[in-house]
Amino acid sequence: MRLPTTLSAAILLASSVIAPAYGAQHFTLGNMPSYYQGTFGTNGNINIFYDATYLQFQNNALRLKLTVPYISVSGLPQGAQLAGGGIASRSSTTNTNTHTASGLGDIWLAAHYTVYHGAGLLPAVVPYVKVKFGTASSSQGLGTGRNDYEVGLGLDETIGTRIFPFVHVGYRFVGKPAGQNLRNILTYDAGSSFAVTGSNVLTAMYSGSQSEQPGYSGPSDLILAWNYNVTRAGSGFQVYADKGLSNGSADYGVGVGAQVVF
């Protein structure tokens, strides 16, 4: 499972790479409902509905993005807690009791700054920082109740006028609730967008991370997305499919979203 903190960034990239410059700065407002199903390394089947609303500001070098999600989950084992990339912790007991919960998820704030815009075979160099605020209910298992902090680096390339490969690597400092043996993790993704036409963009990417809970597989996902830009500025919609490749991911996920650039 790859909750849309990483995914929406890639989809926003895909929606904007072929759009011409839209003034010195602009805002993007979007919404991306997603559904995931799988065991996530537990003994049962978990269903997660993740509805992320985001606001992004961007100019020539700086991109700031605030994501506020709503989460609804069923089949979550007692003692398990969600996190930004899947399940942060699983119950250490053999209790098979599950529950259903919903509410505000963890709010994310991310800042990307392009220190080099790229030229020829040299990619754009984009360091970033992210903060996950522990706003989701830990008692309901919607989050850990602790903040996470991530620093990383992205490399974004342009090949010709249609191919836009990218790779991002980060290190997340995981907030550790009392009594839980969580650890800091590496995060990573790589892929490419392909501009089929001036309005249609396809993106294929791999996204993964280490597991926050030692002894379990981390999320590992293959994602395919299609963007359709309705306006030249990048307003439009997207659909995507997520196939989990590890025991720490969902078996599958699907989503549809839209954004307005102004």
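Considering only heavy atoms from C-beta on, Val126 comes within 4.5 Å of Thr114 through its side chain. At least one side-chain heavy atom of Leu76 sits under 4.5 Å from a side-chain heavy atom of Ile87. Counting heavy atoms from C-beta outward, Arg172 and Glu212 have side chains that approach closer than 4.5 Å. No side-chain heavy atom of Leu142 sits less than 4.5 Å from a side-chain heavy atom of Leu104. Taking 4.5 Å as the limit, some side-chain heavy atom of Glu150 sits within range of a side-chain heavy atom of Tyr128. The shortest distance between side-chain heavy atoms of Val167 and Pro165 does not fall below 4.5 Å. For the pair Asn184/Val174, a side-chain contact is recorded, criterion being any heavy-atom separation below 4.5 Å from C-beta on. In this structure the side chain of Lys132 reaches within 4.5 angstrom of the side chain of Thr144, judged on heavy atoms.
By the rule that hydrophobic residues join a cluster once side-chain heavy atoms approach within less than 4.5 Å of another member, Tyr252 and Ile48 end up as members of separate clusters. In the hydrophobic cluster analysis, where Ile, Leu, Val, Met, Phe, Trp and Tyr join through side-chain heavy atoms closer than 4.5 angstrom, Val254 is grouped apart from Val256. Cluster annotation: Leu202 is connected to Tyr228 through the hydrophobic network of ILVMFWY side chains, with a link wherever side-chain heavy atoms come within less than 4.5 Å. Under a hydrophobic-cluster definition in which Ile, Leu, Val, Met, Phe, Trp and Tyr are linked whenever side-chain heavy atoms come within less than 4.5 Å, directly or via other members, Leu182 and Leu82 are assigned to different clusters. Note on Phe57 and Leu29: same hydrophobic cluster, where clusters join Ile, Leu, Val, Met, Phe, Trp and Tyr whose side-chain heavy atoms are under 4.5 Å apart, directly or indirectly.
Taking each heavy atom of Ser249 and Gly244 in turn, the nearest pair found is CB-CA, 3.7 Å. Heavy-atom minimum distance, Val129 versus Val151: CG1-CG1, 3.9 Å. Taking each heavy atom of Glu157 and Leu121 in turn, the nearest pair found is OE2-O, 2.8 Å. Taking each heavy atom of Val201 and Ser193 in turn, the nearest pair found is CG1-CB, 3.9 Å. The two residues Tyr54 and Ala258 come nearest to each other via the heavy atoms OH-O, 4.1 Å. When every heavy atom of Asn59 is checked against every heavy atom of Gln25, the shortest pair comes out as CB-CB, 3.9 Å.
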How far apart are the C-alpha atoms of Leu155 and Val125, what are their side-chain angles, what is the distance that settles it, and do they pass the side chain to side chain contact (heavy atoms under 4.5 Å, CB included) test? CA-CA 5 Å; Leu155 300 176; Val125 179; 4.0 Å; yes
For Gln37 and Tyr35, what are the C-alpha separation, side-chain angles and deciding distance, and is it a side chain to side chain donor-acceptor pair (under 3.5 Å)? CA-CA 7 Å; Gln37 184 181 86; Tyr35 172 77; 3.1 Å; yes
Using the rule given for side chain to side chain contact (heavy atoms under 4.5 Å, CB included), can you reason through Lys176 versus Asn181, listing the C-alpha separation, both sets of side-chain angles and the distance that settles it, and then say yes or no? CA-CA 7 Å; Lys176 300 172 177 61; Asn181 183 30; over 6 Å; no
Check step by step if side chain to side chain contact (heavy atoms under 4.5 Å, CB included) holds for Tyr36 and Ile46. CA-CA 8 Å; Tyr36 300 91; Ile46 300 172; over 6 Å; no
Evaluate the side chain to side chain donor-acceptor pair (under 3.5 Å) criterion for residues Thr203 and Tyr240: first the C-alpha distance (whole Å), next the side-chain angles of each, then the deciding distance (0.1 Å), finally the verdict. CA-CA 9 Å; Thr203 300; Tyr240 74 90; over 6 Å; no
Test ring-ring contact (aromatic ring centres under 6.0 Å, His included) on Phe237 and Trp226; report intermediate values, then the result. CA-CA 8 Å; Phe237 61 87; Trp226 169 59; 5.6 Å; yes
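To the nearest 0.5 angstrom, Trp108 atom CH2 is 12.5 Å from Leu66 atom CG. One finds the CZ atom of Arg232 at 9.5 Å from the OG atom of Ser199 (value rounded to the nearest 0.5 Å). Residue Phe194 holds its CZ atom at 11.0 Å from CG of Asn200, rounded to the nearest 0.5 Å. In this structure, NE2 in His117 is found 6.0 Å from CG in Asn60, a value given to the nearest 0.5 Å. Rounding to the nearest 0.5 Å gives a distance of 11.0 Å between CG of Leu245 and CG of Asp251. Rounded to the nearest 0.5 Å, atoms OG1 (Thr158) and CG (Leu122) are 12.0 Å apart.
With sequence neighbours excluded, no residue forms a side chain to side chain donor-acceptor pair (under 3.5 Å) with Gln140. For Phe49, the side-chain contact (heavy atoms from CB on, under 4.5 Å) partners at least two apart in sequence or on another chain are Pro33, Asp51, Tyr70, Ser72.
Classification of the Tyr188-Tyr206 ring pair by plane angle, with boundaries at 30° and 60°, yields parallel. Between Tyr171 and Phe173, the angle of the ring planes goes over 60°, which puts this pair in the perpendicular group of the 30/60° scheme.
Asp106 places a side-chain N or O within 3.5 Å of a backbone atom of Ala136 that can act as its donor or acceptor partner. At least one donor-acceptor pair closer than 3.5 Å links the side chain of Gln259 to the backbone N or O of Gly234. For the pair Asp148 (side chain) and Gly175 (backbone), a donor-acceptor distance under 3.5 Å is present. A donor-acceptor pair under 3.5 Å links the side-chain atoms of Thr135 to the main chain of Gly105, judged by distance alone. The backbone N or O of Ser209 sits nowhere less than 3.5 Å from a side-chain atom of Thr187 that would complete a donor-acceptor pair. Listed for the Thr28 side chain is no donor-acceptor partner under 3.5 Å among the backbone atoms of Gln56. Although no hydrogens or angles enter the test, the distance criterion places no donor-acceptor pair under 3.5 Å between the side chain of Asn227 and the main chain of Gln238.
Each of Gln81, Gln213, Arg146 was scored for a side chain to side chain donor-acceptor pair (under 3.5 Å) with Gln180, with one residue passing: Gln81.
Within the structure, the ring pair (Phe, Tyr, Trp, His ring centres under 6.0 Å) test picks out no pair touching residues 142-161 (sequence neighbours left out).
Counting heavy atoms of neighbouring residues, nucleotides and ligands inside a 6.0 Å radius, atom OH of Tyr113 does not exceed 12 of them.
Side-chain atoms of Asn31 and Thr53 form a donor-acceptor pair, as typed in the model, at a separation below 3.5 Å.
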